[in-house]
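Below is one structure; the comments refer to it alone.
Any value given below was found using the heavy atoms of this structure, including those in side chains, with hydrogens, waters and symmetry copies removed. Throughout, a chain's letter reflects where its sequence line sits, starting with A, and its residues are numbered from 1.
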Number of protein chains: 2
Amino acid sequence: MKTMQIGTLSDQTGVHIETIRYYERESILPKPMRNGGGRRVYDGSDVRMLNFIHKCRGFGYSLKEIVNLLELVDTGRFTCKQIHDRTLEQAIGVSEKIKQLKIMERELLQMASQCGQGNKPKCPIIDSLFLE
Amino acid sequence: MKTMQIGTLSDQTGVHIETIRYYERESILPKPMRNGGGRRVYDGSDVRMLNFIHKCRGFGYSLKEIVNLLELVDTGRFTCKQIHDRTLEQAIGVSEKIKQLKIMERELLQMASQCGQGNKPKCPIIDSLFLE
DNA sequence: TCTTGCTCCTGTAGGGCCTACAGGTAGCAT
DNA sequence: ATGCTACCTGTAGGCCCTACAGGAGCAAGA
């Protein structure tokens, strides 16, 4: 089996070395084997697991939620339906965020468009930020 | 001039009391007057300022950036063009976030749709999260 | 007048998720 | 032997809150 050190794991997953060690400290990743010199040794299963965590983070799961998910997976104590529902929930959360951000985007662009871009210290953007 | 205590300020702006006190500690908000009993007393200008901060936070500005902005505003050391450019930058950042979230949303929904929702501990969602 | 109950006070610690640094070792190439 | 890079541990910091604990102000009712 192909093994690697932490730097390679970091490269392959896009997760910073410090973050990997942090995940280990927080028991989100299992403690890896060490080589003769005391260095962490990882293999393909670690890559898979870290990818899982990284993806989930990207999807907005908290580390706690990820740990829960991983436990479900590890112990096989989950049904496909459970995971389906959680995923859907997550998707709804994401689309909610998108909505919010779109409103922001629109407001920002609108503010920018109202701005004369002059060189005087008087700006409608600032004014509108003070409102409401 | 109408004055209020911290709870009312919190209600009017949607910013938690603790957060208001935190902003004061961090010199983001000016230290307010106190009444006889030692309680903070605010007025309309505080509402405006806190709204500004709150909105900016919502638009993704860090507290440090907000302090910078407020200094610019206070001292009049800004041009309309400067603010315009910052706002546009912010808008670009927001639309970047939206793009990312849309990808997420699509992936999540796709994963959910591939799921049989059965009651067995075997799920294509989990499988796909382990990939990449 | 006394009590109840709410809002407020200060100070400090914790939480989530990293990130950075200091001071040292492993391991490989020259 | 000498560099150099990648790694190690431990700890502190950063950002932005959030949550106590232990106490005081204050208005309204019994």
Side-chain angles (χ1 to χ4, degrees), chain A residues 2-43 46-47 49-70 90 93 97 100, chain B residues 2-43 46-47 49-70 90 93 97 100:
Chain A
K2 229 181 7 201
T3 65
M4 68 196 78
Q5 295 193 2
I6 199 167
T8 311
L9 180 63
S10 170
D11 289 344
Q12 289 202 8
T13 58
V15 178
H16 288 162
I17 289 178
E18 279 93 348
T19 307
I20 295 172
R21 288 198 281 246
Y22 167 76
Y23 285 170
E24 181 186 329
R25 269 204 308 286
E26 297 295 309
S27 304
I28 291 154
L29 281 176
K31 290 202 186 310
M33 299 288 104
R34 301 292 181 123
N35 71 6
R39 298 186 173 195
R40 290 169 178 82
V41 176
Y42 298 99
D43 64 20
D46 296 299
V47 176
M49 191 145 183
L50 195 48
N51 269 329
F52 177 89
I53 294 167
H54 194 43
K55 266 200 174 176
C56 287
R57 286 291 298 138
F59 284 151
Y61 285 95
S62 71
L63 290 178
K64 193 176 266 182
E65 287 173 313
I66 293 170
V67 167
N68 285 346
L69 265 182
L70 281 171
Q90 209 65 21
K97 261 190 211 162
Q100 295 295 324
Chain B
K2 231 178 10 197
T3 63
M4 67 195 80
Q5 296 193 3
I6 200 167
T8 311
L9 181 62
S10 169
D11 288 345
Q12 287 201 10
T13 58
V15 178
H16 287 162
I17 289 177
E18 279 94 347
T19 307
I20 295 173
R21 288 198 282 247
Y22 167 75
Y23 287 170
E24 182 187 329
R25 268 204 310 284
E26 298 294 310
S27 303
I28 291 155
L29 281 176
K31 289 201 188 306
M33 299 286 104
R34 301 293 181 122
N35 70 6
R39 296 186 175 195
R40 290 168 178 82
V41 177
Y42 299 98
D43 63 20
D46 296 301
V47 176
M49 190 147 183
L50 194 49
N51 271 329
F52 178 89
I53 295 166
H54 194 43
K55 264 198 173 175
C56 287
R57 286 291 298 137
F59 284 149
Y61 286 94
S62 72
L63 291 179
K64 192 176 265 180
E65 288 172 310
I66 293 169
V67 168
N68 286 345
L69 265 182
L70 281 171
Q90 209 66 21
K97 261 190 212 164
Q100 294 295 322

Distance check needed: dC16(D) C1' versus His54(B) NE2, whole Å only. 14 Å

Below the 4.0 Å mark, does dC18(C) have OP1 or OP2 next to a side-chain nitrogen or oxygen of His16(A)? no

Check whether any side-chain nitrogen or oxygen of Ser62(B) sits under 4.0 Å from OP1 or OP2 of dC15(D), and answer yes or no. no

Quick note, Ile6(A) side chain, CB onward, closest among dC16(D), dC7(D), dG16(C) is dC7(D)

In sequence, state the C-alpha distance, the side-chain angles, and the governing distance for Asp46(A) and Leu29(A), and then conclude on side-chain contact (heavy atoms from CB on, under 4.5 Å). CA-CA 8 Å; Asp46(A) 296 299; Leu29(A) 281 176; 5.5 Å; no

Please give, in whole Å, the distance from dT18(D) P to Leu63(B) CG? 12 Å

For DNA chain C, which residues of residues 28-42 of chain B approach it to below 4.0 angstrom with any heavy atom? Arg34(B), Gly38(B), Arg39(B), Arg40(B)

In this structure, how many angstroms lie between the P atom of dC7(D) and the CD atom of Glu24(A), rounded? 14 Å

Would you please test Arg40(B) and Gln5(B) for side-chain contact (heavy atoms from CB on, under 4.5 Å) and show each step? CA-CA 6 Å; Arg40(B) 290 168 178 82; Gln5(B) 296 193 3; over 6 Å; no

Between Arg57(B) and dC16(D), is there a contact of a side-chain N or O with OP1 or OP2 at under 4.0 Å? yes

Starting from C1' on dC16(D), measure out to CD1 on Ile66(B) and report it in whole angstrom. 11 Å

Quick one: on DNA chain D, does Glu18(B) or Thr8(A) contact a more 5' nucleotide (nearest heavy atom)? Thr8(A)

Separation of dC18(C) atom P from Ile53(A) atom CD1, nearest Å, is 10 Å

Gap between atoms CG and C1', on Asn68(A) and dG16(C) respectively (whole Å): 15 Å

For the OG1 atom of Thr3(A) and the CG atom of Asn35(A), what is their distance to the nearest 0.5 Å? 9.0 Å

Look at all strands and tell whether Gln5(B) reaches a base, only sugar-phosphate, or nothing, counting heavy atoms closer than 4.0 Å. sugar-phosphate

Select one nucleotide: of dC8(C), dT9(D), dC16(D), the one nearest the side-chain heavy atoms of Arg21(A). dT9(D)

Rounded interatomic separation in angstrom, taking CZ from Arg25(A) and P from dG16(C): 15 Å

What distance do Leu50(A) atom CG and Thr19(A) atom OG1 have between them, rounded to the nearest 0.5 Å? 9.0 Å

To the nearest 0.5 Å, how far apart are OH in Tyr23(A) and CE in Met49(A)? 12.0 Å

Length of the line joining Ile17(B):CD1 and dT7(C):C1', which is rounded to integer Å: 8 Å

Side-chain atoms of Tyr22(A) come closest, of dT18(D), dC16(D), dT19(C), to dT19(C)

Starting from the C-alpha separation in whole Å, work towards a yes-or-no answer on side-chain contact (heavy atoms from CB on, under 4.5 Å) for Thr13(B) and Ile53(B). CA-CA 10 Å; Thr13(B) 58; Ile53(B) 295 166; over 6 Å; no

Which distance, rounded to the nearest 0.5 Å, do you find between the CD1 of Ile28(B) and the CD1 of Ile66(B)? 7.5 Å

Is Thr19(B) close enough to dC16(D) that one of its side-chain N or O atoms is under 4.0 Å from OP1 or OP2 there? no

